[in-house]
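Reminder, nothing fancy here: chain letters follow the sequence lines and each chain counts from 1.
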Number of protein chains: 2
Amino acid sequence: MNNRSNTRQQLLEVSADLLCRRGFSGFSYQDLAQQLGIRKASVHHHFPQKADLGLALCDWTEQWLLQGFEHFDRQGNGAVDRLQRYLRASAKHAFNGDRQCPLSALNSDMPQLPEAIQERLRQLSHTELDWVTGVFRMGLDNGELQDHSPGEADPRAMARLFIFTCKGALFYARLQGQEYFTQSMSLLLQQWLPDTHDNHNTATGITV
Amino acid sequence: MNNRSNTRQQLLEVSADLLCRRGFSGFSYQDLAQQLGIRKASVHHHFPQKADLGLALCDWTEQWLLQGFEHFDRQGNGAVDRLQRYLRASAKHAFNGDRQCPLSALNSDMPQLPEAIQERLRQLSHTELDWVTGVFRMGLDNGELQDHSPGEADPRAMARLFIFTCKGALFYARLQGQEYFTQSMSLLLQQWLPDTHDNHNTATGITV
DNA sequence: CACAGCCAACCTACCAGTAGGTAGGCTGGT
DNA sequence: ACCAGCCTACCTACTGGTAGGTTGGCTGTG
């Protein structure tokens with residue numbers, strides 16, 4: 001029984017893991033070969049240049065993201081619940097093994113990446129932003145969320161702030177303590193909950 | 001006239017710049033030597049191991065931070081103005097030359113850094129958090145800021161959220177567009193402004 | 001003053017290790 | 001016969017780091 005290029009898939013999965021742990025320039029073909037028990041030249045057979053692997057990792061990441069979003073949409077009940085699932089998944093991914101999200105990882109050494117990957121990366125972050133924006137729009141529409149700022153609420157701006165904060169918190173919480181990720185995201189979400197009496201009841205408070 | 005170890009200072013400055021642009025493992029002694037017009041071995045004379053340079057960079061960064069904070073304290077008028085100065089300085093640093101803040105840069109390749117540097121890094125992020133916390137406490141005390149969430153306002157939690165968001169926004173705005181940094185930080189700050197009629201007047205709105 | 005000694009700062013020349021990448025050969029399934 | 005998949009063997013470039021030598025300015029001492 002041959003693996004019928006199972007190896008390629010395994011390479012992608014190991015790469016994705018190493019990417020999150022050490023960044024794109026933080027792992028080598030040697031690392032990949034070692035973990036799969038093959039030789040370095042064999043890795044080059046599947047991904048001739050490391051840039052090819054980079055592109056493939058972008059595709060892999062996109063699938064990973066979309067699969068997550070689909071899951072949150074299926075299981076989630078309303079906007080706030082979806083966001084909380086997103087946050088819980090993010091925290092689990094990051095803190096089980098000291099990883100970053102693959103997007104942040106690629107973003108880290110973006111300046112020295114080929115232009116093709118940079119463009120793909122912009123596209124990826126757009127995909128994520130689109131989903132979160134959709135969730136915020138849903139929350140604003142059904143009254144789960146509201147923006148107390150003057151003017152009309154802008155779900156895209158809120159989503160952007162949400163993502164920026166989430167990524168920053170994941171990043172810094174590795175250093176300062178995981179509990180601060182939860183704390184910060186709760187504090188952010190709190191401020192978008194509508195003003196109700198229940199809001200002062202911890203039972204309905206945001207718990208990520 | 002000898003430089004009387006001017007070289008060491010220059011090495012630190014070039015290192016700090018390269019750190020922000022490419023991360024700690026993203027530049028080499030060869031790079032430093034080239035930029036100063038000396039040989040690689042001479043760099044080793046000043047910093048025998050790269051870890052020594054790392055530690056020295058932490059000290060350098062601390063001075064850089066403290067100097068900035070002192071500046072904001074002297075020039076700033078109240079809490080919100082201080083925060084805005086902090087944000088403007090951050091944006092200027094980051095977007096003039098596609099740099100990260102040195103703390104984020106070190107944080108990026110933290111896992112593969114020696115323990116001594118990791119500890120120093122925790123200390124550094126504490127220094128930053130302390131200053132921002134102080135500013136938030138000032139703002140809460142003098143009524144410039146308020147937290148609409150239930151329970152007593154926690155200036156440290158607010159400061160943490162502020163910093164996380166700022167770092168995340170700096171990081172992601174390189175990819176998505178600088179203007180979103182300003183937009184997001186404004187949106188965050190807006191929600192901590194007290195509810196006044198003026199708040200609906202754009203003239204007194206937050207502009208970073 | 002002259003001179004010896006010291007030392008920071010720099011140099012050339014090297015090391016082992018690893019990076020990404022290539023050339024070409026073997027093998028087993030279709 | 002073909003070819004994906006894997007191999008050995010190799011390349012160049014570069015990494016952090018070391019050994020050992022040269023220079024030239026400061027210093028204390030006769």
Protein-nucleotide distance ([X], atom [atom1]; [N], atom [atom2]), rounded to Å:
{"X": "A/H45", "N": "D/dC3", "atom1": "NE2", "atom2": "C1'", "answer": "9 Å"}
{"X": "B/L11", "N": "C/dA8", "atom1": "CG", "atom2": "P", "answer": "16 Å"}
{"X": "B/R39", "N": "C/dC11", "atom1": "CZ", "atom2": "P", "answer": "6 Å"}
{"X": "A/R8", "N": "D/dC6", "atom1": "CZ", "atom2": "C1'", "answer": "16 Å"}
{"X": "B/H46", "N": "C/dA8", "atom1": "NE2", "atom2": "C1'", "answer": "8 Å"}
{"X": "A/L32", "N": "D/dC6", "atom1": "CG", "atom2": "C1'", "answer": "16 Å"}
{"X": "A/L113", "N": "C/dG20", "atom1": "CG", "atom2": "C1'", "answer": "14 Å"}
{"X": "B/I38", "N": "C/dC11", "atom1": "CD1", "atom2": "P", "answer": "6 Å"}

### Task
Measure up the A/F69 and A/W131 rings against each other and bin them: parallel (under 30°), tilted (30 to 60°), perpendicular (over 60°).
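A/F69 vs A/W131 ring planes: parallel.
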
### Query
For the residue pair A/F162 and A/Y86, does the interplanar ring angle fall in the parallel (under 30°), tilted (30 to 60°) or perpendicular (over 60°) class?
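Because their plane-to-plane angle lies in the 30° to 60° range, the rings of A/F162 and A/Y86 count as tilted.
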
### Message
Counting primed atoms plus P, OP1 and OP2 as sugar-phosphate and everything else as base, spell out the protein contacts along nucleotides 12-19 of chain D at 4.0 Å heavy-atom distance: B, S or - for each nucleotide, 5' to 3'.
### Response
---SBBBB

### Message
Ignoring hydrogens and geometry beyond distance, is a side-chain donor-acceptor pair present between B/Q176 and A/S125 at under 3.5 Å?
### Response
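A/S125 and B/Q176 do have a side-chain donor-acceptor pair below 3.5 Å.
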
### Query
Given D/dC7, is OP1 or OP2 found less than 4.0 Å from the side-chain N or O atoms of A/S42?
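Yes, because at least one side-chain N or O of A/S42 sits under 4.0 Å from OP1 or OP2 of D/dC7.
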
### Task
May I ask you to verify if any side-chain N or O of A/T7 is less than 4.0 angstrom from the OP1 or OP2 atom of D/dC6?
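Yes, because at least one side-chain N or O of A/T7 sits under 4.0 Å from OP1 or OP2 of D/dC6.
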
### Message
Tell me whether A/E144 contacts the main-chain N or O of A/A79 through its side chain, where contact means a donor paired with an acceptor under 3.5 Å.
### Response
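Side chain of A/E144 to backbone of A/A79: a pair is present.
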
### Task
For A/R137 and A/T133, indicate whether the former's side chain and the latter's backbone hold a donor-acceptor pair under 3.5 Å.
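Not at all, since once roles are kept as given, no pair shorter than 3.5 Å links the two residues.
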
### Query
Can the positive tip of B/K50 be found less than 6.0 Å from the middle of the six-membered ring of B/F24, inside 45° of the ring normal?
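Ring-cation test returns yes.
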
